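See below for the structure under consideration.
Below, read A as the first sequence line, B as the second, and so on, with proteins coming before strands; counting in each chain starts at 1. Fair warning: this is a prediction, and the values are worked out from it, not measured in the lab.
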Amino acid sequence: MTAPFSTASGSDIRVRFCPSPTGTPHVGLIRTALFNWAYARHNGGTMVFRVEDTDAARDSEESFLQLLDGLRWLGINWDEGIDVGGPQAPYRQSQRTSIYVDLIEKLKASGHLYESFATPDEIEARNVANGRDPKQGYDNFERELTDAERDAFRAEGRSPALRLRVPDTDLSFDDLVRGEITFPAGSFTDFVVVRPNGAPLYTFVNPVDDALMGITHVLRGEDLLSSTPRQIALYHALIEIGVTTFIPRFGHLPYVMGDGNKKLSKRDPESNLFHHRDRGFLPEGLINYLSLLGWSLSADRDVFSIDEMVAAFDVVNVNPNPARFDPKKAESINGDHIRMLSTTELANRLEPYMGNLVQSEIDRDLLAAATPLVQERMQLLGEAPALLSFLFTPDDDIEIDADARPGPEAIDILDAASAVLDPLEDWKHDAIEEALRVALIEGLELKPRVAFGALRTAISGKRISPPLFESMELLGHDSTLERLARLRSQL
RNA sequence: GGCCCCAUCGUAUAGCGGCCUAGUACGCUGCCCUCUCACGGCGGUAACACCGGUUCGAAUCCGGUUGGGGUCACCA
């Protein structure tokens with residue numbers, strides 16, 4: 001069967017993101033949103049955002065709000081739909097019932113939909129009785145029910161679901177990422193589009209809204225690949241009754257996988273968008289990494305800005321095979337983005353991650369001054385507090401980690417350091433370093449790592465810290481001396 | 001089981017018939033830098049699932065096999 005697929009290109013391209021608000025935003029879902037968005041922006045087309053909340057049992061307002069929060073955090077915006085409105089409002093399916101009811105009547109009248117009284121159990125039993133695989137699905141046997149037969153079912157107290165009469169021919173489409181795909185006639189059967197209670201199902205409302213909203217390119221997860229022929233069948237019906245004139249192009253994006261060979265599960269923390277935000281991913285870092293799941297900018301570059309991604313993105317270059325989410329790689333990419341930020345910008349981004357450490361203007365200034373010390377030491381913004389807390393902690397409250405505590409031999413080091421630092425006029429890191437090197441490395445003939453290790457413990461309480469002399473400078477003369485004295489007294 | 005999709009280093013990918021004794025990045029690892037940790041620099045490790053075919057020539061095209069995944073809901 002030949003079909004009038006969309007030929008839209010450039011700014012005529014219309015894509016959509018249409019999540020069902022169940023649970024926290026999943027990175028696979030977000031990757032789908034990202035690719036749709038990038039495709040629209042690259043082509044100067046239109047991004048539509050609608051919500052498929054037709055499953056009252058599973059959908060929640062909280063989840064809906066989280067979706068908005070997540071998209072806004074990432075900077076994925078839209079031109080029509082939720083909040084911004086548009087010619088096909090409303091954009092929440094729960095508010096579009098009358099539109100569906102109207103179309104259901106039209107499709108019924110035109111003979112595309114027919115009443116089906118068989119329950120799932122009966123269909124399975126029927127398959128078994130006919131020697132078919134129980135899992136083989138519906139066999140279209142109620143297509144030509146007589147009025148008398150229908151009345152008989154009604155007399156039993158049954159209400160019919162409505163099924164779409166699908167064509168008895170092969171159905172083909174040219175997938176944007178996979179190429180030509182053909183489903184043989186008979187491999188997809190008449191499917192239910194309306195429940196007996198009159199409520200339309202996803203199988204109906206999704207293509208109907210795409211048609212009504214003029215969607216030209218449907219980019220979605222590959223789990224929907226098998227339902228595409230059925231949707232195309234529905235499109236043919238919609239075209240015949242004049243609802244639309246074309247069928248969108250489809251592009252089925254590869255799965256985002258977790259460990260093993262299965263989709264990243266909703267139970268897996270890695271799947272949760274907010275898990276990554278909470279740990280300190282930058283929006284641009286996460287977008288960069290997510291882009292790499294099934295797509296690449298070029299052969300030898302995998303760190304790039306959002307603008308660069310948009311400028312280069314084309315869905316036809318998306319790789320069809322499933323991609324594993326690799327937290328290590330994601331963090332590495334994020335670290336690169338952290339290093340690409342200006343220090344003032346990084347300081348601003350860091351602040352929300354500092355917990356109650358940064359509370360005053362003075363704290364903010366200290367954070368700004370300390371940011372350069374940690375910019376090359378983080379992959380996640382959430383690592384900052386552990387690295388910097390000693391700068392914001394009163395001298396009395398510095399805890400000495402067990403693995404950082406030096407032996408009694410450090411007493412001489414601390415004494416010598418105090419002696420040379422106390423009278424130091426020019427409290428700058430290079431002067432501090434010079435004084436300490438003269439006193440400890442040359443004077444006491446110590447190895448730098450031994451001498452400075454003890455001082456590091458004194459001021460930070462840790463074996464690992466930002467650069468020592470810069471840290472001392474930020475801490476100030478008095479605090480530094482106080483901390484040296486405190487450690488000495490504990491040895 | 002029927003139908004559909006997928007198949008390059010551990011991972012993500014480059015490759016769209018000769019530029020490939022297969023490139024890059026993460027990871028792992030050796031060395032250098034170095035006050036710790038990082039950052040950075042220079043190396044190393046490691047892949048075309050298999051079998052046929054087409055072709056002068058195949059990771060690239062075709063067929064099959066194997067393996068993995070999805071789908072066959074009155075969920076979305």
Side-chain angles (χ1 to χ4, degrees), chain A residues 18-22 52-55 57-59 93 116 118-120 123 132-138 159-163 175 177-178 181-184 186-189 191-197 199-203 205-206 221-230 252 254-255 257 260-263 289 292-303 317 319-333 335-336 339 373-379 387 404 433 436-437 440-441 447-457 460 462-469 471:
Chain A
C18 52
S20 188
T22 59
E52 311 221 328
D53 51 352
T54 55
D55 185 349
R58 296 199 306 153
D59 299 322
Q93 291 184 330
S116 168
T119 65
I123 291 167
R132 291 151 47 97
D133 188 308
K135 283 203 152 308
Q136 204 148 344
Y138 186 65
S159 301
L162 261 28
R163 287 181 188 269
D175 192 280
V177 340
R178 290 154 209 274
I181 299 174
T182 300
F183 289 81
S187 63
F188 49 99
T189 62
F191 57 103
V192 172
V193 293
V194 183
R195 286 197 185 99
N197 67 7
L201 295 164
Y202 164 83
T203 48
V205 297
N206 176 275
E222 73 166 288
D223 48 331
L224 269 350
L225 185 54
S226 296
S227 68
T228 303
R230 287 191 287 273
H252 290 93
Y255 283 118
M257 312 288 281
N261 282 322
K262 24 189 220 305
K263 275 172 73 177
Y289 179 66
L292 258 16
L293 262 22
W295 183 78
S296 65
L297 181 84
S298 72
D300 54 7
R301 260 192 83 198
D302 54 15
V303 178
N317 297 132
N319 199 320
N321 48 321
R324 207 169 305 271
F325 189 97
D326 180 353
K328 284 262 186 39
K329 175 76 171 179
E331 287 165 20
S332 168
I333 297 268
D336 286 332
R339 264 157 251 130
L373 306 188
V374 294
Q375 185 156 21
E376 292 181 347
R377 294 177 162 71
M378 291 186 299
Q379 292 193 313
L387 251 22
E433 176 170 6
L436 290 173
R437 281 190 187 280
L440 305 177
I441 312 305
K447 286 194 178 301
R449 66 182 301 135
V450 173
F452 299 142
L455 304 186
R456 181 185 315 286
T457 297
S460 71
K462 297 175 188 303
R463 210 161 48 82
I464 296 168
S465 85
L468 182 61
F469 315 113
S471 296

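If you check every strand for non-hydrogen atoms under 4.0 Å, Asp133(A) touches a base. Ser20(A) comes within contact range of the sugar-phosphate backbone alone, with a heavy-atom separation under 4.0 Å but no base atom that close. Here Asn319(A) lies in heavy-atom contact (under 4.0 Å) with sugar-phosphate atoms only.
Base pairing analysis places rU24(B) opposite rA12(B); the two distances defining the Watson-Crick or G-U wobble pair are each below 3.5 Å.
The same atom, C1', is picked in rU21(B) and in rG30(B); the two are 24 Å apart, to the nearest Å.
Set against rC4(B), rU13(B), rA25(B), the side chain of Lys329(A) has rA25(B) as its closest nucleotide. Of the candidates rC75(B), rA12(B), rC35(B), the closest approach to any side-chain atom of Arg456(A) belongs to rC35(B).
Going from atom CG of Asn321(A) over to atom P of rA12(B) covers 8 Å, rounded to whole Å. Between the CE atom of Met257(A) and the P atom of rG10(B) there is a distance of 17 Å, rounded to whole Å. In this entry the distance linking CZ of Arg301(A) with C1' of rU24(B) reads 12 Å, nearest Å.
Distances shown here put a side-chain N or O of Thr54(A) below 4.0 Å from the OP1 or OP2 atom of rA76(B). Residue Ser187(A) places none of its side-chain N or O atoms closer than 4.0 Å to OP1 or OP2 of rG2(B).
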Practice item. Mind running side chain to side chain donor-acceptor pair (under 3.5 Å) on Ser296(A) and Asp302(A) for me, showing each step along the way? Key: CA-CA 7 Å; Ser296(A) 65; Asp302(A) 54 15; over 6 Å; no
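Taking only distance into account, the side chain of Arg449(A) never meets the base of rC35(B) through a donor-acceptor pair shorter than 3.5 Å.
Two residues are said to be in side-chain contact when any heavy atoms from C-beta on lie closer than 4.5 Å; Glu222(A) and Val177(A) fail this criterion. Looking at heavy atoms from C-beta onward, Glu433(A) lies out of side-chain contact with Pro467(A) at the 4.5 angstrom threshold.
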